[in-house]
Amino acid sequence: MKFSILPAIAAVVLLTACGKKENQVARIDDDQPSESSSAPVGSEMMTQDAKRLHQEARLKGQAGEYDAAIALLNQAIQIAPDWAYPRYDLAFTHLLINDPAKALAIYRQVDELEPQGFFATKTAVWSLEREAKEEFPRGLFLSYTMLEWEQSNESKLQKVNTLIKNAPNFAPAWKEKAILTENLDDRINYLNRGLSYNPDAETKGMLIMNKAMALQLLGRQKEANQLLQGLITDPQSTRATVSLSQQILKSMQP
């Protein structure tokens, strides 16, 4: 099985300039990492030793040597306890070895260190808490993370539809379905479905930003602006959501 850091929030596909045709679809896709949009706080804690151990752990994880990766990540955490990144990767590694309870506990630690958001942490906590309560089937979030490696949109959409079939109220899957949908009206419908399930702050931001971009393409600029401005001023928005909303809003202006 592949190992991923999964810093999945958010590369922006900005095709929102005025005059774009509908088939030049604008959307935000969080499949590609953007560490700068969710940069760790307390960078002074990132000593050279901790960074070296973290990088070695990632290489071990990519090779499937999960026990070795866990040991190295724990060493990095001991050296730099306020640096969220090793804990983030440690949580995902526990997810890969089928220990979602441990993964959830560590994701919560990351969320405490980075309350304004750190990549997919809030989505992980939201999903794994519901798995623990048996509201979602066990393994749902891990299956969701595996979408990263789908080679085609067609195969990815098939997996997304399976996620929705297994858990119709799993908001992140509706976000993915919307991103893969060309028809703007259908896309907005899927985004609204995701929003109706009280998603985590990260997913909520992605859903609303994509909705704003779809509305802009439909000529509903005022509604799009209102949605983005709402995200920018919402105290529950993550750091990345605020930054991306500001960028999108600026790109939409004539």
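Since we're looking at a predicted model, the values are computed, not measured.
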Any chance you could measure [X], atom [atom1], to [Y], atom [atom2], to the nearest 0.5 Å?
X: Ile208; Y: Lys175; atom1: CD1; atom2: NZ; answer: 13.5 Å
X: Ile179; Y: Asn153; atom1: CD1; atom2: CG; answer: 10.5 Å
X: Lys222; Y: Leu215; atom1: NZ; atom2: CG; answer: 13.5 Å
X: Arg187; Y: Glu182; atom1: CZ; atom2: CD; answer: 6.5 Å
X: Ile77; Y: Asp82; atom1: CD1; atom2: CG; answer: 11.5 Å
X: Arg220; Y: Ile188; atom1: CZ; atom2: CD1; answer: 5.5 Å

Leu73 and Leu53: CA distance, side-chain angles, deciding distance, side-chain contact (heavy atoms from CB on, under 4.5 Å) verdict: CA-CA 7 Å; Leu73 289 167; Leu53 289 165; over 6 Å; no

So Phe92 and Asp89, side-chain contact (heavy atoms from CB on, under 4.5 Å) or not? Walk me through it. CA-CA 5 Å; Phe92 185 66; Asp89 292 348; 5.7 Å; no

List the atom of [X], the atom of [Y], and the distance in Å for their closest heavy-atom pair.
X: Leu163; Y: Ala173; answer: CB-CB, 4.1 Å
X: Pro137; Y: Ala167; answer: CD-CB, 4.1 Å
X: Gln151; Y: Trp149; answer: NE2-O, 3.0 Å
X: Ala103; Y: Leu95; answer: CB-N, 3.9 Å
X: Gly194; Y: Leu207; answer: C-CD1, 3.6 Å
X: Ala50; Y: Ala76; answer: O-CB, 3.8 Å

Could you tell me if the side chain of [Y] sits less than 4.5 Å from the side chain of [X], heavy atoms only?
X: Thr241; Y: Glu202; value: no
X: Leu228; Y: Met252; value: yes
X: Gln109; Y: Leu113; value: no

Restricting to salt bridge (charged side-chain N to carboxylate O under 4.0 Å, His left out), what partner residues turn up for Asp186, sequence neighbours left out? none

Residues in salt bridge (charged side-chain N to carboxylate O under 4.0 Å, His left out) contact with Arg108, at least two apart in sequence or another chain: Glu129

Which residue is it: Glu150, Glu154, Glu176, Glu148? I am looking for the one with a salt bridge (charged side-chain N to carboxylate O under 4.0 Å, His left out) to Lys159. Glu150

Pick from Thr238, Thr123, Thr121: which one makes a side chain to side chain donor-acceptor pair (under 3.5 Å) with Asp200? Thr123

Any side-chain hydrogen bond (donor to acceptor under 3.5 Å, both in side chains) pairs touching residues 131-141, not counting sequence neighbours? Asn98-Arg138

Under 3.5 Å, side chain of [X] to main-chain N/O of [Y], donor-acceptor pair present?
X: Arg87; Y: Ile106; value: no
X: Arg130; Y: Trp126; value: yes
X: Asn210; Y: Met206; value: yes
X: Ser243; Y: Ala240; value: no
X: Ser237; Y: Thr233; value: no

Cationic N near anionic O, under 4.0 Å, Arg239 to Glu114: yes

Going by ring pair (Phe, Tyr, Trp, His ring centres under 6.0 Å), name the residues that satisfy it together with Phe170, two or more places apart in sequence or in a different chain. Phe136, Tyr144

Please verify the inter-ring angle class for [X] with [Y]; under 30° counts as parallel, over 60° as perpendicular, anything in between as tilted.
X: Phe141; Y: Tyr107; result: perpendicular
X: Tyr88; Y: Phe118; result: perpendicular
X: Tyr190; Y: Trp174; result: tilted

Checking Gln216, Met209, Gln229 against Leu249 for side-chain contact (heavy atoms from CB on, under 4.5 Å), the one that qualifies is Gln229

Do we see a donor-acceptor contact under 3.5 Å between the side chains of Gln221 and Asn225? yes

Could you list the residues that satisfy side-chain contact (heavy atoms from CB on, under 4.5 Å) with Leu157, not counting sequence neighbours? Asn161, Lys177, Leu180

Hey, could you give me each pair passing salt bridge (Lys or Arg N to Asp or Glu O under 4.0 Å) that has a residue in residues 63-73? Not counting sequence neighbours. Lys60-Glu65

Would you find more than 12 non-hydrogen atoms of other residues, nucleotides or ligands less than 6.0 Å from Lys122 atom NZ? yes

Stepwise, does the side-chain contact (heavy atoms from CB on, under 4.5 Å) test hold for Leu218 with Asp185? CA-CA 9 Å; Leu218 290 171; Asp185 290 324; 3.8 Å; yes

